[in-house]
Amino acid sequence: MNVKKLLFFACLFAALSSSAKEFRLQSPNGRLEVLVTSNPALSLRLLLDGHQLMAPSPISLTLADGISVGKSDKVSAGKAHAVSENISAPFYRQKNFTAKANELTLKLNARFSLIVRAYDEGAAYRFVYSGRKPITIANEEARYAFGRDRKAWLSYSTNAKNPFAMAFQNIYHETTLDTARHEIAFLPTTIDCGPAKVTVLESDVNHYPGMFVRAEGDALTAVFAPYPKTMSRYPWRSMTYVADTEPYIARTAGALSMPWRILAVTERDTDMPTNNLVYALAAPNTIGDTSWIKPGKSAWDWWCDWNLKGVNFKSGINTDTYKYYIDFAAKHRLEYIILDEGWYNSNTGDIMNPVPEIDLRQLIDYGRQKGVGIVLWSVFNVMDENLEQICSHYAAMGIRGFKVDFMDRNDQTAVEMVERLARCAARHRLVLDLHGIYTPVGLNRTFPNVLNYESVFGMEEVKWGTLKNDHPRYDVTFPFIRMMAGPVDFTQGAMRNGTKWDWAMSYSKPVSQGTRCHQAAEYVVYDSPFTMLADAPTMYEAEDGFTRYIAALPTVFDDTRVLQGEIGQYILTLRRHNGMFYLGALTNWDARDLRVKLDFLPSNVRFKASILRDGINADHNAEDYLLETQTVDASSELHLHMASGGGFVVTLMPATR
């Protein structure tokens, strides 16, 4: 133990032996400090190198019987100790990593305690109930005080009437806390605190609702969806929704560790996309063997509206169309195709019976012969209402997984539904892609068969959106914020591409905002272990060189680093997999030139660089690109231009291969 740690523990023990009401906890490197005060109520303060990032911020629980937890000065502390975990992370942005923290447990009363951790990458805390009797929690209070003029990135709910019912998809509103709209926003959210940015996240949410926040003057106040009392059903998609609620947020059957509240601290924007605290704080793998789980890419029908051309059959939701998709996937070694909404009558919820136009058994057999798996779309509650039968039936048929959609809430019963689905799917060796879902909270660590999540303002939004949404800016904003929480199913791969001056909305022939190479780079920049080639196979077949290039990109990596970038401006990501290196870069609507040193390559090894970059006319025709190769080594430097809304990809393979 070094001198700094010895001094820290000596000071801590001195505080505990006195009647002091302040407890200090330092990160392993000693730079980050969490101060917990209990005079008279619990509050947290966060400092970096002595500079205040977050002022004293009250936290507490209120039980339904009126008892308050954390609003009393009767607090005792146990012995601080170091926590270190070597984490194996299949299908994550890193193959493995080590998480180190110092931890302190504060005893609040006979039944409740508060666990606080200080990592070099941020702070986290959680309330723990150790009693055996059921309790009902009326509310969890938190008011994170950052300062009135602090810049914030907030994603507001898109449902003004009922803000707890929406798909967790919106652009980021850049504002200051004192001028922010007084509306509910979903996590994560980032605050610029001067010396560093602080991002509010959560992890290990089970039997409990997820957190929202609302800007109030100089602070973010926690808000939670109330516990559902009664449910109703929409006439379309057989979707259920919360019709009435209880006057509380959660109820427990007994002992419960409540979610980790995370305050991730990043001094550089480039550290944000690879902050691992959400994954590190989640419960470890509960399903055991993961060798059967297969990440990869999928050909996808819905985004392009089944819009094939030049074929000799009527394209749509039918067997011939999906056999064509399977042939395309097999040709380009894509692992999957998805049958999205329409393969069963979603309005009746009759998921056990495909529509007559589809011979599902024939498609499964055809896909098996071609080495292509099939993933089926469904609605969350439709799955949950007959979960074991659905999973066992379709697993026995040979289906590889489900894309589950339209949860659109994160109250306690919604969270419990997602966990039931993940557990049952794992039992039947089915993978999951979760859409219409709340922001990731580490479930992909606990259940590695959960390969991806939506909860992102993805490509589908261009089908009905406007230029005001500014997708290129969002594309280089959310990797720094939303991607801290976990992977994103952004559904990239558009083959129709528009500049800022000629883009137009189209539902059946959607056009991306930005260049063709911007779309390609998203396969490297975004964490997506299960991702889409979203456009029509016939569009890809017309551009064979480009299609083969993106189809060959991996979806999981051994290591990830962000070499350059600034939130809302641009990003350059480096990934490594199986001895090869991959660079991906994106810019907003500003054209940009990057100088990229290749000093990350091993010395004395020459590499073949295959460069996919914006063509010289991409500022006028966003579909213009150039594919070129050159030989490089660790002393080389690439000079690459990105057009407005542009990007580039570089694959680096040892020249001896």
*In terms of side-chain geometry, is the basic nitrogen of Arg143 or Asp218 positioned less than 4.0 Å from the acidic oxygen of its partner?*
yes

*Looking only at atom types and distance, does a side-chain atom of Asp49 sit under 3.5 Å from a main-chain N or O of Leu32, one as donor and one as acceptor?*
no

_If the threshold is 4.0 Å, N to carboxylate O, is there a salt bridge linking Glu121 and Arg268?_
no

*Relative to the ring of Phe457, is the ring of Tyr474 parallel (under 30°), tilted (30 to 60°) or perpendicular (over 60°)?*
perpendicular

*asked:* Working note: Asp527 + Arg575, criterion salt bridge (Lys or Arg N to Asp or Glu O under 4.0 Å); need CA distance, chi angles, decisive distance, verdict.
replied: CA-CA 10 Å; Asp527 296 333; Arg575 299 190 190 258; 2.7 Å; yes

_Ser27 vs Tyr119, test: side-chain contact (heavy atoms from CB on, under 4.5 Å). Steps then yes/no._
CA-CA 5 Å; Ser27 62; Tyr119 293 83; 5.8 Å; no

_Ion pair check, Arg31 and Glu267, cut-off under 4.0 Å_ = yes

*With rounding to the nearest 0.5 Å, note down the distance linking CD in Gln94 to CZ in Arg561.*
10.0 Å

*asked:* Which label fits Tyr438 and Phe168: parallel for a plane angle under 30°, tilted from 30 to 60°, or perpendicular past 60°?
replied: perpendicular

*Of all the heavy-atom pairs spanning Met211 and Glu202, show the shortest one and how long it is.*
N-OE2, 3.0 Å

*Side-chain donor-acceptor pair under 3.5 Å between Gln513 and His471, yes or no?*
no

*asked:* Please tell me whether Arg117 and Tyr125 have a donor and an acceptor in their side chains that are separated by less than 3.5 angstrom.
replied: no

_Quick one, Phe478 with Tyr526, criterion ring pair (Phe, Tyr, Trp, His ring centres under 6.0 Å). Give me CA distance, side-chain angles, the key distance, then yes/no._
CA-CA 10 Å; Phe478 85 79; Tyr526 299 161; 4.6 Å; yes

*Shortest non-hydrogen separation from Asn444 to Val450 and the atoms involved*: CB-O, 3.4 Å

_Flag, side chain of Ser528 to backbone of Phe530, donor-acceptor distance under 3.5 Å_ = no

*Can you label the angle between the Phe146 ring and the Tyr144 ring as parallel, tilted or perpendicular, going by 30° and 60°?*
tilted

_Does any part of the side chain of Met484, heavy atoms only, come nearer than 4.5 Å to the side chain of Leu201, both counted from C-beta?_
yes

*Mark yes or no for whether Arg111, through its side chain, and Tyr129, through its backbone, hold a donor-acceptor pair below 3.5 Å.*
no

*Salt bridge between Asp204 and Arg126, side-chain N to carboxylate O under 4.0 Å?*
yes

*Side chains of Tyr208 and Glu140: closer than 4.5 Å at any heavy-atom pair?*
yes

_Sub-4.5 Å side-chain heavy-atom contact between Leu46 and Val265_ = yes

*asked:* Would you say that Leu586 contacts His518 through its side chain, given a criterion of any heavy-atom pair below 4.5 Å between the two side chains?
replied: yes

*Using only heavy-atom distances, determine whether the side chains of Asn102 and His81 contain a donor-acceptor pair under 3.5 Å.*
no

*Min side-chain heavy-atom separation Thr62-Ile137 under 4.5 Å*: no

*Between Gln26 and Gly30, which heavy-atom pair has the shortest distance, and what is it?*
NE2-O, 4.0 Å

*Using a cut-off of 6.0 Å, state whether more than 12 heavy atoms not belonging to Lys100 lie near its atom NZ.*
no

*Spell out, as yes or no, whether a donor-acceptor pair under 3.5 Å connects the side chain of Thr286 to the backbone of Thr446.*
yes

*asked:* Any carboxylate oxygen within less than 4.0 angstrom of a Lys/Arg side-chain nitrogen, looking at Arg45 and Glu33?
replied: no

_Side chains of Arg473 and Asn469: any donor to acceptor distance under 3.5 Å?_
no

*Is any side-chain heavy atom of Val75 less than 4.5 Å from a side-chain heavy atom of Phe23?*
yes

_Audit row: His173, Tyr156, ring pair (Phe, Tyr, Trp, His ring centres under 6.0 Å) steps and yes/no_ = CA-CA 8 Å; His173 295 258; Tyr156 296 113; 5.1 Å; yes

*Only one of Asp559, Asn276, Thr560 passes side chain to side chain donor-acceptor pair (under 3.5 Å) with Arg93; say which it is.*
Asn276

*Evaluate side-chain contact (heavy atoms from CB on, under 4.5 Å) for Val116 paired with Leu114, printing each intermediate quantity in order.*
CA-CA 6 Å; Val116 184; Leu114 179 75; 3.9 Å; yes

*How far does CG of Leu443 sit from CG of Leu434, to the nearest 0.5 angstrom?*
7.0 Å

_For Phe164, does the six-membered ring have the charged nitrogen or CZ of Arg409 within the cation-pi criterion, i.e. under 6.0 angstrom from the centroid and within 45° of the normal?_
no

_Any Val213 side-chain heavy atom under 4.5 Å of Val223 side chain_ = no

*Heavy-atom side-chain proximity of Thr190 to Met272 below 4.5 angstrom*: yes

